[in-house]
Every structure is written in C-alpha cells, then in structure tokens.
There are 2 protein chains.
Amino acid sequence: MGRPPRIDRAGVLDTAMALADESGLEAVTMQAVASRLGVTPMALYRHVGDKAALLDGLVERLLLDVDSPSPDLTGPRQLMEMARALRATGQRHRGVFPLLLTRPVATPLAMQVRASVVEALEVAGTGSDRVGQTERLVSTAVLGFIVSEVSGRFRNHPRQVIDADFDRLLELLGGFVTHHQDRQPD
Amino acid sequence: MGRPPRIDRAGVLDTAMALADESGLEAVTMQAVASRLGVTPMALYRHVGDKAALLDGLVERLLLDVDSPSPDLTGPRQLMEMARALRATGQRHRGVFPLLLTRPVATPLAMQVRASVVEALEVAGTGSDRVGQTERLVSTAVLGFIVSEVSGRFRNHPRQVIDADFDRLLELLGGFVTHHQDRQPD
DNA sequence: ACCTGAACACCGTTCAAGT
DNA sequence: ACCTGAACACCGTTCAAGT
C-alpha cells in the first residue's frame, strides 16, 4: 500500500479536453485518454469514475473556461459580454460545448452562471414575474446559436456572415431586454 | 441470383426510428436494428449504406414528419404554425431531433423548409437584405428551444412552464418579424 | 441479388491479482 | 493505494463464401 499515484483527476480531464479539442467528442474514449497518459483504461476509473462522470467533468471545465464580464458592466451590456465570452469558450472547445444544451442547470457553477444572467436581467428592469422565463429564452437563443456554429450547421456560410449574425442576435437581445423593463434601475 | 430481398430501406429506417423513439439515439446500433428485423448487421449495408448514411436517412424522415402549415396562413402566423409543427415533430422523435442542430441545410427537403421560412419572412415584410440572416436567427432560436426541451435541459421545470416559454418565444418571433417590416404587402 | 460467417479493430466496464 | 491482465458484452465494418 501507499503507492504514489501516476495520474490524477485534473490530468485526466486535461487530456480528455485536449483530445476533444483536437478530434471531437467521439475521440474521447477511455482507451484514448488512458493511452495518452501512458496508462491502461482501467486506471482511469479510480480518478474520474466512469465515462459519464468524465463527461460531467469536461462540462465543469467548460464553465470554468468562460470569462467573467468586467464588473463595471451591468444589465444589457453585461448580458452581451457574457454571451460573447460564452461564444469564445465554444470556439475554444467545439467538441464539448454542445453538451451544454443537454444538461439542466444543476451544478453549483452552472447555477452561479444562471444567477449572473438573472441579475443582469433584473438590473435591465425585467419584471420579476418574467425573469425566469426570460433567462431561459435568452440562454436558449445564445446556446442554440453557438452550438449550431460549433457543430457545423452554419458551415456553408463564411465566418464573416456568422459573426454578423451573432452581432445582430446580441443587438436584439439587448434591445429586447431594455424594451421590456418596467422602470429604470435609478 | 435473383434472390428476393427480405428487408428494404424503408423498413430499416422505420425500425431505426422506432428504436430511437423508444430508447434514444444511442440505442440505434447496426446490431439492434438488424436484430429487430431478424437479420444480421451486415445485411443492412446493402440497403442503407453505413451508419452515417442511416442517420442521414433518419433526419430525412424527421423533416418529412413535420406538418405543413395550413396554406391560408402567411407571414408571422405561418411562421408560428411552422414552429409549432416542428416542436410536435421534436416531441414525437426526441432521440433524432437534436441532429437537426448539427447539419447544414443541404438536402432538397431541408432547402424546401428553409424556402418556406424565407417566404413567410418576405410576406411579413422583412427587408430583402435581411431575410437570410433573419431566417438563420429565427430557425436557430426555435431549434435551440426544441433541442433543449427534448434533450432534457429543461427537465427540472414542469411541462406547463415550458409550454408557456414556447408560447412566449412564438409571440416574440411574431412581433419581431412584423416590427421589422419596411412596408405592408398590400 | 441478397444474406451470412468469420474476422478485425475497436468500445466501456468488472474483478481478482499484483506491487 | 494504485495500476494491470484477463475477461465480457458490446460496437462498426470488410470480405469471401453460400444460395
């Protein structure tokens, strides 16, 4: 007993994420991850649990990768900045990003992200009976766009066009959010 | 030679779709489909090609499943009806539906669906320099919502709440489309 | 023309065994 | 405590062979 570990959870997730970035999510197999770490597949189970748990770990990593908006931004501006940061994460991690559209907001980190959106909506003046719904619709529109983009639905269009589409989406969200406010914050 | 075929493409796709509906997309394996047809996996290759081609076939089936809107609806009303029909298809075929967010509009059927959306936008008065972009944003918002719903992102919310969210989305799309018209059609 | 058997290179996962 | 070997039940796909 007391054998020094040759791998750890962080290293396994690093390797799995790198593999996903390079070759897509389907390249993330227990064997491929293990082989890159110089270990057999069975060694991974102690550190990350099974395959599903490994994917959960990657989603957690994804959320950690999202840059927080500068704290002097609030309301619609903050919302737009968060959407841009989310898109940057999507572009850095195309393979893993689509998993976000699948999971309910359940982990502490995901709940924290949602709380930021809710706060921005409240500052923008969204009626309190509407914040939940608005948060879901705004998040869905932004996630839907980024997932479409990174998973290739727009691959027949030049990047320039897609960038302009995203700018317009942000513009619409900003406008939507401010049009629906009951009263200015101060 | 001249042996009578025991299976055909349509039957293979029927079986694959049924399997996806019952147990999700990951249950659609060549072996499972074949076994349900009373045949070995290798028999499928002649009729549907490989696994990727089989999935393409399922996506085609999905588009065929979408009800066309009543022909006396035009503009925003038509758009809303198409979105509702798309959602119904998503609910009938939860397993396969998310593939739509992955694929570019390339098949004849998919191009036909897009043309309907474009036409509805034009009738609603969307400026011709904006129809392409608007079509992409509207489709993305609707697909993003339905994929979220059928793949479980909203599973912590009661159906009633999700239905209300969708109604609001349609309302916003209808309003958005008519606010941005340059001139009434007649 | 259509289907199969055998074969290959993969998957995820378990469990007892080695150090 | 940590890793492995052997084993199991799966994957998708090919190719020559049977009818």
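Proteins get letters first, then strands, A, B, ... in listed order; numbering begins at 1 in each.
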Could you pull out all residues at least two apart from A:Phe97 that satisfy ring pair (Phe, Tyr, Trp, His ring centres under 6.0 Å)? none
When the side chains of residues 137-150 of chain B are checked against the rest of the protein, which donor-acceptor pairs come out under 3.5 Å, sequence neighbours left out?
| residue | atom | partner | partner atom | Å |
| --- | --- | --- | --- | --- |
| B:Ser139 | OG | B:Glu135 | O | 2.8 |
| B:Ser139 | OG | B:Glu135 | OE2 | 2.9 |
| B:Thr140 | OG1 | A:Arg153 | NH2 | 2.5 |
| B:Thr140 | OG1 | B:Arg136 | O | 2.6 |
| B:Ser148 | OG | B:Gly144 | O | 2.8 |
| B:Ser148 | OG | B:Arg153 | NE | 3.2 |
| B:Ser148 | OG | B:Arg153 | NH2 | 3.4 |
| B:Glu149 | OE1 | B:Arg87 | NE | 3.0 |
| B:Glu149 | OE2 | B:Arg87 | NH2 | 2.8 |
| B:Glu149 | OE2 | B:Gln91 | NE2 | 3.2 |

Taking a pair as Watson-Crick (N1 to N3 plus N6-O4 or O6-N4) or G-U wobble (N1-O2 and O6-N3), both under 3.5 Å, which stems of 3 or more consecutive pairs involve DNA chain D? C:4-8 with D:12-16, C:12-16 with D:4-8
Please tabulate, one pair per line, each protein N/O and nucleotide N/O from nucleotides 8-15 of chain C that are separated by under 3.5 Å, including the distance.
| residue | atom | partner | partner atom | Å |
| --- | --- | --- | --- | --- |
| C:dC11 | OP1 | A:Thr29 | OG1 | 3.4 |
| C:dG12 | OP1 | A:Met30 | N | 3.3 |
| C:dG12 | OP1 | A:Lys51 | NZ | 3.1 |
| C:dG12 | OP2 | A:Met30 | N | 2.9 |
| C:dG12 | OP2 | A:Gln31 | NE2 | 2.8 |
| C:dG12 | N7 | A:Gln31 | NE2 | 3.2 |
| C:dT13 | OP2 | A:Tyr45 | OH | 3.1 |
| C:dT13 | OP2 | A:Lys51 | N | 2.9 |
| C:dT13 | O5' | A:Tyr45 | OH | 3.4 |

Are A:Leu19 and A:Val39 joined in one hydrophobic group, where the rule is that I, L, V, M, F, W and Y side chains link up if heavy atoms are under 4.5 Å apart? yes
For the residue pair B:Ser116 and B:Met82, establish whether any side-chain heavy-atom pair is separated by less than 4.5 Å. yes
Options C:dT4, D:dT4, C:dC3, nucleotide nearest the side-chain atoms of A:Ala43: D:dT4
Between B:Arg94 and B:Asp21, does any NZ, NE, NH1 or NH2 come within less than 4.0 Å of an OD or OE carboxylate oxygen? no
Give me each pair satisfying ring pair (Phe, Tyr, Trp, His ring centres under 6.0 Å) with a member in residues 54-92 of chain B, each pair once, sequence neighbours excluded. none
May I ask you to verify if any side-chain N or O of B:His47 is less than 4.0 angstrom from the OP1 or OP2 atom of C:dC2? no
B:Arg103 vs B:Asp56, salt bridge (Lys or Arg N to Asp or Glu O under 4.0 Å): CA-CA, chis, key distance, verdict: CA-CA 10 Å; B:Arg103 329 227 148 198; B:Asp56 288 343; 2.3 Å; yes
In a table with atom names and distances, give each donor-acceptor pair under 3.5 Å that connects a side chain of residues 28-38 of chain A to protein atoms at least two apart or in another chain.
| residue | atom | partner | partner atom | Å |
| --- | --- | --- | --- | --- |
| A:Thr29 | OG1 | A:Ala32 | N | 2.9 |
| A:Arg36 | NH1 | A:Glu22 | OE1 | 3.4 |
| A:Arg36 | NH1 | A:Glu22 | OE2 | 3.1 |
| A:Arg36 | NH2 | A:Glu22 | OE1 | 3.0 |

A:Arg46 atom CZ is separated from C:dA16 atom C1', nearest whole Å, by 13 Å
